[in-house]
Number of protein chains: 2
Amino acid sequence: MVNKTRSPQRREDALSRDRIIEAAIGLLDSTGEAGLTFRALSEQLATGPGAIYWHIANKGELLVAACDAVIAATLAACADGETPEATVRALAVGMFDAMDAHPWIGSALIHAAGQLPTVRLFESIGQQVRALGVPQSRQWAAVSALWHYILGVGGQNAANRRSAQAREIGREGFLGEASAAWAALDEARYPFTRSLAEQLRDHDDRADFLAGIDLILGGIKAQSQP
Amino acid sequence: MVNKTRSPQRREDALSRDRIIEAAIGLLDSTGEAGLTFRALSEQLATGPGAIYWHIANKGELLVAACDAVIAATLAACADGETPEATVRALAVGMFDAMDAHPWIGSALIHAAGQLPTVRLFESIGQQVRALGVPQSRQWAAVSALWHYILGVGGQNAANRRSAQAREIGREGFLGEASAAWAALDEARYPFTRSLAEQLRDHDDRADFLAGIDLILGGIKAQSQP
DNA sequence: ACCTGAACACCGTTCAAGT
DNA sequence: ACCTGAACACCGTTCAAGT
């Protein structure tokens, strides 16, 4: 009759690392990076700010843990494609959608350099690059290009979101303003940017992201068979 | 005898937007992003924290302005190469070195989404992509890929620097630890990352960065002549 | 016009004290 | 073992008061 497993029978509402991370993700999603404070978090968990420190060392660790929970779930949900290329695309799209649903992931990933969530992602990309048949000596460059590109897009999208949110305009309003600003640039100094003003307003983030992935995949292929 | 230009004859040590930005850059370089506070800055300028607000709206604007000063100087110093490809490489290397000398630039650029410094960089890349002969319909994707890649590397390098600085180990110490961590990963779950542990320790950031640029340039060329 | 510096409303984090 | 919440040492920003 004695329960040998030492799973403690806690009150339903007991604090735990996982419950804290879950609440942190919710707070980050709903109020953005600036909205995650130990006071707001502890209020949501019906406790004091100090309680959280029993389970988590500091805010940095909390952010990395929240990021890792999302990344792990995202990578696990990415189905393998028919070809390595298709799998890379599925992985990239999965990451894009995760960063779109959780705009704080981009900057969290950058701050988590070298830690668990980045290793997960690096490994997933690396396995597919291997599967593509890229020779050893060029694997590093190939993974690095895909990796930095994905992080760059994530960071940029997150910044755009934050900017739009701060000024209480939606995606359309943000793109409209940015497009107008580009159109108003000095023709002599900014001819290229100016010419893309319209394209900026109408572009599709997701499709453009994938186009970039394909471009890099094309570069990888071109290197292998010159 | 009357001086019609209204350039005021200020005391040498009068505050100005430019002097504030200059001091901010110095503080960011020497103490990192966390070291830039209005108190530290005003102390360095021998004034009170409130004085700065007469010249600059808030901290965000200060960071963008500091970033813009560095970017403008960097782009101006990039010499044109013999070919568009060479110019893209010169531009990329210039940005890499700037981000290496001022590790805070990476995250500042990401936060400055859509503002002056990013427009400058976008324009510079765009003009070279045009010069490469990329057709209109593919210019956006090409610029976007280079752009996000450069930002991604900048953000990542900045994070690595900050991490190394926080733990008071140098670049070698940081890479040594990271390499050891990769080598200690579970072979079954992280075969790719594990296999690159040694390469991580010995790699050359700058050369790898350029390899990525070349890979993307290769992808752009491959798209144009399939 | 430009600067001063105290004051306000926040932070992350610590820690004695409780259960 | 786990939680409480007051307290500490900071922030960015404001603003009456000065020159």
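If you're wondering where the values come from, they're calculated on a predicted model, not measured in any experiment.
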Distance in angstrom units between [X] [atom1] and [N] [atom2], rounded:
{"X": "A/K59", "N": "C/dT13", "atom1": "NZ", "atom2": "P", "value": "8 Å"}
{"X": "A/R39", "N": "C/dT14", "atom1": "CZ", "atom2": "C1'", "value": "12 Å"}
{"X": "B/E43", "N": "C/dG5", "atom1": "CD", "atom2": "P", "value": "12 Å"}
{"X": "A/Y53", "N": "C/dC11", "atom1": "OH", "atom2": "P", "value": "12 Å"}
{"X": "A/E33", "N": "C/dG12", "atom1": "CD", "atom2": "C1'", "value": "16 Å"}
{"X": "B/H55", "N": "D/dG12", "atom1": "NE2", "atom2": "P", "value": "18 Å"}
{"X": "B/L41", "N": "D/dT13", "atom1": "CG", "atom2": "C1'", "value": "14 Å"}
{"X": "B/N58", "N": "D/dG12", "atom1": "CG", "atom2": "P", "value": "11 Å"}

- Considering Watson-Crick and G-U wobble pairs with both distances under 3.5 Å, what does C/dC15 pair with?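 In the structure as shown, C/dC15 has D/dG5 as its Watson-Crick or wobble partner.
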- Contact class for B/I56 vs. all strands (heavy atom < 4.0 Å): base, sugar-phosphate, or nothing?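 Touches nothing.
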- Message: Over all strands shown, is B/I52 touching base, sugar-phosphate only, or nothing at heavy-atom distances under 4.0 angstrom?
- Response: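 No contact at all - B/I52 keeps every heavy atom at 4.0 Å or more from the nucleic acid.
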- Ion pair present between A/D205 and A/R171, side-chain N to carboxylate O less than 4.0 angstrom?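 Salt bridge flag = yes for A/R171 with A/D205.
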- Query: A/R206 pairs by side chain to side chain donor-acceptor pair (under 3.5 Å) with which of A/D97, A/D100, A/N157?
  - Reply: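 Exactly one pass, corresponding to A/D97.
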- Query: Once you round to the nearest 0.5 Å, how far does CZ of B/F209 lie from CD of B/Q156?
  - Reply: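 Here the interatomic distance stands at 13.0 Å.
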- Message: Below the 4.0 Å mark, does C/dC3 have OP1 or OP2 next to a side-chain nitrogen or oxygen of B/W54?
- Response: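 So the side chain of B/W54 is outside the cut-off, no N or O lying under 4.0 Å from OP1 or OP2 of C/dC3.
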- Task: Could you say whether B/F38 or A/P49 is positioned toward the 5' end of DNA chain D, judged by the nucleotide with the nearest heavy atom to each?
- Result: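 Looking at the nearest nucleotide for each, A/P49 comes out on the 5' side.
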- Query: Can A/F122 and B/Y190 be said to form a ring-ring contact (aromatic ring centres under 6.0 Å, His included), step by step?
  - Reply: CA-CA 9 Å; A/F122 190 84; B/Y190 299 99; over 10 Å; no
- Item | 5'-most by nearest nucleotide on DNA chain C - A/A51 or A/A34 |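 Result of the comparison: A/A34.
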- Task: Compare the minimum distances between each of D/dT13, C/dC3, D/dG12 and the side chain of B/T37, then state the nucleotide with the smallest one.
- Result: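 Shortest atom-to-atom distance from the side chain points to D/dG12.
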- Item | Partner set under salt bridge (charged side-chain N to carboxylate O under 4.0 Å, His left out) for B/E61, not counting sequence neighbours |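 B/E61 satisfies salt bridge (charged side-chain N to carboxylate O under 4.0 Å, His left out) with B/R17 only.
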